[in-house]
Q: 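Pasting in a structure now, in structure tokens, and then I'll have a few things to ask.
Order of appearance sets the numbers: ligands from 1, and atoms from 1 within every ligand.
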Amino acid sequence: MGNAAIIDGKAFAAGLRGRVKSAVETLVETTGAAPGLAVVLVGDDPASQVYVRNKGTQTLEAGMKSFEFKHPATISQDALLDQVRALNADPAVNGILVQLPLPDHIDDQAVIGAIDPDKDVDGFHVVNVGRLAVGSDQALIPCTPLGCLLMLRDRFGGELAGKSAVIVGRSNIVGKPMFHLLLQENCTVTVAHSKTADLPELCRSADILVAAVGRPEMVQGDWIKPGATVIDVGINRIARPDGGTRLTGDVHFPSAQEVAGAITPVPGGVGPMTIACLLRNTVTAFCRQRGLAELAM
Ligand code: GUN
């Protein structure tokens with residue numbers, strides 16, 4: 001049996017949603033307005049439809065306004081840019097999220113680049129990437145790495161300084177922003193990727209190991225330093241022997257659990273934190289746009 005503490009992302013996310021909801025109540029009392037989040041969905045990818053529906057539901061549950069815009073996969077890039085510009089100009093909209101992936105004929109970067117950086121609750125605009133890189137307190141931070149950071153701070157009682165962190169994966173959505181966040185916490189951070197030499201040995205040096213590569217169960221128990229904290233960002237659907245499928249992370253949970261000090265499960269770890277952090281970012285954006293003190297969440 002494994003010894004690792006299970007980091008309960010589902011419970012953590014529920015707690016964060018509760019704090020967001022309280023912050024929204026305070027803002028409604030003091031300003032008479034509720035933060036608003038606009039989500040734009042292009043095409044009919046089933047996974048994206050589920051995400052967008054969950055975002056809408058949780059936005060309303062937090063007491064915020066939810067605006068959804070659905071477009072066929074054939075929408076032109078110009079028409080989508082017009083939609084984004086209209087949302088930039090709408091004072092009831094404090095946060096804008098364009099669900100990715102977009103169809104091939106649309107340039108993701110052009111669309112993300114059209115979003116007002118102060119409404120970019122995904123934190124994908126180059127202005128927010130730059131703000132995060134220079135340590136500006138005005139950055140909007142990508143939701144998944146922000147969720148990982150909040151759980152790590154909780155696990156370490158805020159004392160992350162001096163820990164060695166290894167991040168496996170260098171994506172713009174997770175690996176790179178996670179690097180900046182952990183560096184800012186004064187961790188010693190290494191970002192590993194597909195060309196890294198002796199990845200298992202490097203991972204074994206980590207007090208904090210973040211797996212975000214999208215390769216099912218790649219990180220094995222013998223890659224983990226005894227007692228390390230393991231954050232599994234992977235969400236992979238793989239075949240089961242009985243012909244069905246199951247969700248698994250980038251970490252081989254049964255062997256990792258024997259060695260790690262704490263680990264996030266899949267599902268129920270990082271995943272639930274992402275939308276909770278999106279709600280948090282929307283409240284943050286609202287406060288900054290109105291020049292209000294940011295509320296603790
Ligand atoms: N598709 C999958 N994850 C995300 C996300 O965090 N933001 C956006 N905009 N699209 C996604």
Side-chain angles (χ1 to χ4, degrees), residues 9 13 16-17 20 36-59 66-71 73 75 77 80-81 83-84 87-88 93-104 106-129 132 139-151 169-178 180-181 210-214 231-237 247 249-250 264 266-267 269-282 284-285:
L16 178 54
R17 286 197 301 273
V20 168
L37 172 64
V39 175
V40 180
L41 175 63
V42 178
D44 46 21
D45 175 60
S48 291
Q49 284 174 331
V50 173
Y51 286 137
V52 167
R53 192 166 60 236
N54 289 339
K55 284 168 191 168
T57 307
Q58 294 185 28
T59 302
S66 169
F67 308 96
E68 271 180 32
F69 301 88
K70 295 185 177 165
H71 297 288
I75 190 176
Q77 179 165 314
L80 188 57
L81 291 174
Q83 159 92 87
V84 169
L87 296 172
N88 286 342
V93 172
N94 305 104
I96 302 169
L97 179 147
V98 179
Q99 183 69 27
L100 302 176
L102 290 167
D104 289 344
I106 296 177
D107 174 4
D108 293 8
Q109 282 304 323
V111 175
I112 293 165
I115 298 172
D116 177 344
D118 296 332
K119 295 190 176 185
D120 168 37
V121 284
D122 260 330
F124 293 167
H125 192 291
V126 288
V127 165
N128 283 314
V129 176
L132 175 60
L140 285 164
I141 296 166
C143 300
T144 299
L146 178 57
C148 296
L149 177 70
L150 295 178
M151 291 192 291
R170 55 175 153 182
S171 70
N172 290 332
I173 297 183
V174 183
K176 288 178 195 168
M178 197 76 234
H180 288 296
L181 289 170
V210 179
V213 268
I231 304 289
D232 189 351
V233 184
I235 302 179
N236 310 290
R237 189 165 285 285
L247 279 186
D250 292 347
T264 59
V266 177
V270 174
M273 285 297 286
T274 298
I275 296 181
C277 286
L278 176 69
L279 305 178
R280 184 187 196 268
N281 277 350
T282 305
T284 300

Q: Identify, by atom number and element, the atoms of ligand 1 in contact range of L97, meaning under 4.0 Å from any of its heavy atoms.
A: 9 (N)
Q: Looking only at atom types and distance, does a side-chain atom of N281 sit under 3.5 Å from a main-chain N or O of D122, one as donor and one as acceptor?
A: no
Q: Quick check: do V174 and P142 have side-chain heavy atoms less than 4.5 Å from each other?
A: no
Q: Quick one: look up the protein heavy atom nearest atom 10 (N) of ligand 1 and list residue, atom name and how far away it is.
A: L100 N, 3.0 Å
Q: Using every non-hydrogen atom in the two residues, find where L100 and F124 come nearest and quote the distance to one decimal.
A: CD1-CE1, 3.8 Å
Q: Evaluate the side-chain proximity of C277 to P145: yes if any heavy-atom separation is below 4.5 Å, no if none is.
A: no
Q: Out of D108, V40, V111, D122, indicate the one that has the non-hydrogen atom closest to atom 5 (C) of ligand 1.
A: D122
Q: In terms of residue, atom name and distance, what is the protein heavy atom nearest to atom 11 (C) of ligand 1?
A: Q99 NE2, 3.4 Å
Q: Which atoms from ligand 1 have a heavy atom of V98 less than 4.0 Å away?
A: 8 (C), 9 (N)
Q: Just so I know, are the side chains of L81 and V111 near enough to count as touching, which here means a heavy-atom distance under 4.5 Å?
A: yes
